[in-house]
Amino acid sequence: KYIDLNWVYQLINYAVWKLAGPSGLILLNSAFFIGAVYVTLSHVRTNIGWLIPWILLMSILAISPSLEVRPHSVSWFLLALVIRQLQLFSKGNIKALRWVPLVLLIWVNMHSLFILGLLVFGIYWAGTWMNRKEHFKQASLYFGVSILDCLINPYGLSGLLFPFEQATALESGNIF
């Protein structure tokens, strides 16, 4: 069986390629990477703001081997968004959670690394249960909706479970 969770990413890339050619694809891919770094650094409050451009440059150099046009760039951006919203929630902003299911709904149809978003949310959910029981009900609701959202893909449950199938490719006996 063939499962293509990148289908929305492929449609976007095709549209960009038709409009702007290869340069447009490179710019879009760069925007996802820069967006991921920006979202990650945007909630860092420090007195050494002058260091931020250098951190950005070092980040880009560190990830440069993976800067080719591929859906991983979207995953890093969406992971940064999920973590940002969960961080806001952990600081008391209950409304920040409402965006996580939407991000995961988009992500499950863009790349199979959406499972990282569910994993991170699961960790925050467990932390909420241990440390902030008063917000556990809201966290549980949005975590459950996020899991259900990940079923909204052309493959349903098979799409949700696909990352676990991909993980078997990492076994030592697999030639891939």
Side-chain angles (χ1 to χ4, degrees), residues 1 3-12 28-29 31-49 52 55-56 59 63 66 70-171:
K1 69 183 172 183
I3 294 180
D4 181 14
L5 292 179
N6 304 337
W7 69 278
V8 171
Y9 175 79
Q10 293 165 350
L11 288 174
I12 292 169
L28 177 65
N29 196 62
F32 284 130
F33 273 114
I34 291 169
V37 173
Y38 175 78
V39 169
T40 301
L41 295 177
S42 67
H43 62 275
V44 174
R45 301 290 177 243
T46 178
N47 291 332
I48 53 171
I52 299 296
I55 293 171
L56 181 61
S59 300
I63 62 171
S66 62
R70 46 195 290 220
H72 291 77
S73 58
V74 174
S75 283
W76 303 136
F77 176 67
L78 295 175
L79 178 61
L81 285 178
V82 167
I83 291 172
R84 179 182 182 277
Q85 293 308 112
L86 292 169
Q87 279 291 92
L88 290 172
F89 168 71
S90 72
K91 292 178 181 176
N93 183 349
I94 307 297
K95 293 180 180 181
L97 278 186
R98 46 175 115 153
W99 295 103
V100 177
L102 177 62
V103 172
L104 284 164
L105 175 63
I106 294 166
W107 196 354
V108 72
N109 290 289
M110 298 275 271
H111 193 235
S112 59
L113 282 179
F114 75 89
I115 201 71
L116 292 177
L118 283 179
L119 176 68
V120 169
F121 200 163
I123 291 167
Y124 272 82
W125 176 74
T128 302
W129 178 74
M130 293 187 318
N131 299 319
R132 303 190 69 195
K133 290 189 178 16
E134 69 275 9
H135 298 305
F136 184 68
K137 185 176 179 181
Q138 293 94 342
S140 296
L141 171 70
Y142 285 107
F143 187 45
V145 170
S146 294
I147 293 169
L148 291 175
D149 276 359
C150 289
L151 290 169
I152 303 174
N153 67 76
Y155 310 97
L157 183 60
S158 295
L160 175 62
L161 299 176
F162 182 63
F164 299 104
E165 285 182 44
Q166 283 184 311
T168 63
L170 300 174
E171 295 175 350

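One is the number of the first residue; the rest follow in order along the sequence.
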Give, for atom [atom1] of [X] and atom [atom2] of [Y], the distance between the pair rounded to the nearest 0.5 Å.
| X | Y | atom1 | atom2 | result |
| --- | --- | --- | --- | --- |
| N131 | K133 | CG | NZ | 8.0 Å |
| W76 | L81 | CH2 | CG | 14.0 Å |
| I152 | N109 | CD1 | CG | 8.5 Å |
| Y142 | I94 | OH | CD1 | 9.5 Å |
| L105 | F114 | CG | CZ | 11.5 Å |
| F77 | T40 | CZ | OG1 | 10.0 Å |

Main-chain N/O of [Y] paired with [X] side-chain donor or acceptor, under 3.5 Å:
| X | Y | answer |
| --- | --- | --- |
| Y9 | R70 | yes |
| Q85 | A96 | yes |
| D149 | V103 | no |

With a 4.5 Å limit on heavy-atom distance, are the side chains of [X] and [Y] in contact?
| X | Y | value |
| --- | --- | --- |
| L118 | L104 | yes |
| S75 | L116 | no |
| F143 | L97 | no |

Please assess V82 against L78 for the test side-chain contact (heavy atoms from CB on, under 4.5 Å), listing each intermediate value before the final yes or no. CA-CA 6 Å; V82 167; L78 295 175; 5.6 Å; no

Give the intermediate values and the outcome of side-chain contact (heavy atoms from CB on, under 4.5 Å) for residues M110 and V74. CA-CA 7 Å; M110 298 275 271; V74 174; 3.5 Å; yes

Give a yes or no on this: more than 12 heavy atoms of other residues, nucleotides or ligands lie within 6.0 Å of atom NZ of K95.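 It does not: K95 NZ has 12 such atoms or fewer within range.
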
Taking all non-hydrogen atoms of both residues, which atom of [X] and which atom of [Y] are closest, and how far apart?
| X | Y | value |
| --- | --- | --- |
| S158 | I3 | O-CD1, 3.7 Å |
| V39 | A80 | CG1-O, 3.5 Å |
| S112 | P163 | O-CG, 3.3 Å |

side-chain contact (heavy atoms from CB on, under 4.5 Å) evaluation trace for W107 with L79: CA-CA 9 Å; W107 196 354; L79 178 61; 3.6 Å; yes

What is the ring orientation for F89 with H135, classed by angle as parallel under 30°, tilted 30 to 60°, or perpendicular over 60°?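 Taking H135 first and then F89, their aromatic rings stand perpendicular (interplane angle over 60°).
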
Can you tell me which residue among N153, D4, L5 is in a side chain to side chain contact (heavy atoms under 4.5 Å, CB included) with F162? L5

Chi angles and distances behind the side-chain contact (heavy atoms from CB on, under 4.5 Å) call for F32, H72: CA-CA 9 Å; F32 284 130; H72 291 77; over 6 Å; no

